[in-house]
Amino acid sequence: MNDRSATAIASPNIALIKYWGNRDANLRIPANDSLSLTLSGLETKTTVRFLPDLERDSITINGQPASEQTQARMEGFLSHFRVSSLHAQIESESNFPIGAGAASSASGFSALALAASTAAGLQLTPRELSVLARMGSGSAARSVFGGAVRLYAGANSESSFAEQVFPSDYWPLVDLIAIVNPDHKSVGSTRGHALAETSPLQSARIADTPSRLQRVLKALEFHDFEALAEVCELDSNLMHAVMQTSTPPLLYWAPATVTIMQAVRRFRAKGEPVFYTIDAGPNVHCLTLPEAGSRIRSLIEQLPGTIDVLEAGIGEGAHLVP
Ligand code: DP6
């Protein structure tokens, strides 16, 4: 499209090595490298139109006007793209619950970065797009790409970019997202990142990240599910340990979160290929293999406190649609 408008679709991602804490909060330069899988089936579709007659950006999310907080964050982000100081009309729709640890900021800012940069007539490389998306939401840098994606912490903004490490069809892992609470989380990631440094455990988590990241890369390379399970649960537990020992402490888990974590461990001890990983919310991502998917899904559905299970595969990166 060349009429100062564009529509893009992007998917959320689930981090296997988590990003928690920023070295530069304004630019969202992360404290550590992270690695995620881009999810298929879950999508945010965003249209950006730069228009001459708007007094401010007009933003609707799932048909509702954006909250003041979201409006301010998105306006700030759009300043990177504005065409001759025009304001934009933005319509964004997601087909999954927003703000509940299903990473809507990742798909949202990745789709917005692609739609806004295209509408503004910028022709960015995927790497440049990931740098810009990162300034909207750190994890959004990773949703620019499909498959398994690494976000480099980098030394400055340009070197803090994402890149694909394995394509989406490399290993058809399945993510069963157990929803235990679909509401918006009380403390968003942005505030949480700012607290990470107050935990005495954060420096140890960061120092050990390169070793965990190498273990994940090796497990992916050799399709070693058991090795992947061990290191991903460790990484998730380390991030939640940092959250829980920050000042003030953040406890994102609900009782049902722990029920599912324990059940997943039990299933795996009995030989089922499944592990958990949890973002900044109470919902639990249960990663498994296609052949076990329906079995694991019904086991999770039966656990007390599970309201719903969303299912995703490994998907593609952000792309434009007509
Ligand atoms: C726990 O990317 O949501 O999901 O940059 O403030 O939008 P902002 O944070 P965000 O943080 C992601 C935190 C996480 C872990 C991860 O996805 O790596």
Side-chain angles (χ1 to χ4, degrees), residues 10-39 42 44 69-70 72-74 76-77 94 96-113 130-145 148-154 157 160-162 175 177 184-197 199 202 205-206 209 212-213 216 232-244 246 250-253 257 276-285 287 312:
S11 292
N13 61 72
I14 178 62
L16 302 179
I17 296 294
K18 311 287 191 188
Y19 141 54
W20 196 247
N22 284 313
R23 264 189 306 147
D24 183 320
N26 283 331
L27 292 170
R28 289 188 152 81
I29 299 179
N32 62 281
D33 286 20
S34 56
L35 188 144
S36 62
L37 303 173
T38 302
L39 300 176
L42 313 179
T44 300
Q69 198 187 357
T70 302
R73 181 169 173 181
M74 287 172 72
F77 182 64
S94 292
F96 59 94
I98 290 205
S104 59
S105 70
S107 56
F109 279 96
S110 190
L112 182 61
S130 76
V131 168
L132 273 168
R134 192 207 70 231
M135 295 183 201
S137 173
S139 55
R142 300 187 308 241
S143 281
V144 166
F145 298 92
V149 184
R150 178 174 184 168
L151 171 60
Y152 291 91
S157 193
S160 182
F161 59 85
D175 186 7
I177 309 167
H184 213 283
K185 57 199 175 204
S186 53
V187 180
S189 302
T190 304
R191 272 189 61 207
H193 287 300
L195 299 177
E197 272 300 311
S199 166
Q202 170 75 342
R205 189 190 73 88
I206 290 185
T209 301
R212 293 193 307 284
L213 205 130
V216 166
C232 291
E233 287 189 358
L234 169 64
D235 189 85
S236 176
N237 290 343
L238 281 168
M239 180 184 71
H240 284 273
V242 168
M243 293 162 161
Q244 290 166 21
S246 297
L250 298 174
L251 180 59
Y252 284 108
W253 300 344
T257 312
Y276 67 75
T277 183
I278 304 163
D279 281 344
N283 301 324
V284 187
H285 292 251
L287 275 292

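Read the numbers this way: they start at 1 and go in the same order the structure lists the ligands and their atoms.
- If you take CG on Leu151 and CZ on Arg134, they are separated by 7.5 Å, rounding to the nearest 0.5 Å.
- Interface atoms of ligand 1 facing Met239, defined by a heavy-atom separation under 4.0 Å, are 1 (C).
- Using modelled atom types, one finds a donor on one side chain and an acceptor on the other under 3.5 Å when comparing Tyr276 with Asn237.
- Looking at His193 next to ligand 1, an N or O pair under 3.5 Å apart turns up.
- Under the 4.0 angstrom criterion for non-hydrogen atoms, Arg73 is in contact with ligand 1.
- Atoms of ligand 1 lying under 4.0 Å from any heavy atom of Ser137, numbered from 1 in the order shown and given with element: 2 (O), 3 (O), 5 (O), 7 (O), 8 (P), 10 (P).
- Within ligand 1, the atoms closer than 4.0 Å to a non-hydrogen atom of Ser105 are 3 (O), 7 (O), numbered from 1 in the order shown.
- Ranked by closest heavy atom to atom 3 (O) of ligand 1, the top entry among Ser189, Ser143, Gly108 is Ser189.
- Here's the thing with Trp20: none of its N/O atoms is less than 3.5 angstrom from an N/O atom of ligand 1.
- For Ser139, heavy-atom contacts with ligand 1 shorter than 4.0 Å involve the backbone as well as the side chain.
- Of the charged side-chain nitrogens involved, none lies within less than 4.0 Å of a carboxylate oxygen, so that Lys18 and Asp235 do not count as a salt-bridged pair.
- Scanning all heavy atoms of the two residues, the minimum distance from Ala133 to Val144 falls at CB-CG2, 4.1 Å.
- Between Ala15 and ligand 1, no N or O atom pair is found at a separation short of 3.5 Å.
- On a distance-only criterion, Lys18 and ligand 1 share no N/O pair closer than 3.5 Å.
- Using a 4.0 Å cutoff on heavy atoms, Arg134 does not count as a contact of ligand 1.
- Contact atoms of ligand 1 toward Gly138: 2 (O), 5 (O), 8 (P) (distance under 4.0 Å to a heavy atom of the residue).
- Contact annotation for Arg142 and ligand 1: only side-chain heavy atoms (C-beta onward) come within less than 4.0 Å of the ligand.
- For the residue pair Arg142 and Ser34, a side-chain donor N or O sits within less than 3.5 Å of a side-chain acceptor on the partner.
- Using a 4.0 Å cut-off to heavy atoms of Ala280, the atoms of ligand 1 that qualify are 1 (C).
- Residue contacts with ligand 1 leave out Ala106, since none of its heavy atoms falls under 4.0 Å from the ligand.
- Distances below 4.0 Å separate heavy atoms of Thr190 from the following atoms of ligand 1: 6 (O), 8 (P).
- Here the side chains of Arg150 and Leu213 are in contact, with some heavy-atom distance below 4.5 Å.
- The two atoms that bring Leu39 and Ser11 nearest to each other are O-CB, 2.8 Å, heavy atoms only.
- Taking the six-membered ring for Trp and thresholds of 30 and 60 degrees, Tyr252 and Trp20 have ring planes more than 60 degrees apart, a perpendicular arrangement.
- Considering backbone and side-chain N/O atoms, Tyr19 comes within less than 3.5 Å of an N/O atom of ligand 1.
- The nearest pair of heavy atoms linking Leu42 to Pro12 is O-CD, 3.3 Å.
- Side chains of Asn22 and His193: no donor on one and acceptor on the other come within 3.5 Å.
- Going from atom CZ of Arg205 over to atom CD1 of Ile17 covers 9.0 Å, rounded to the nearest 0.5 Å.
- Contacts of His240 with ligand 1, taken as heavy-atom pairs under 4.0 Å, are absent altogether.
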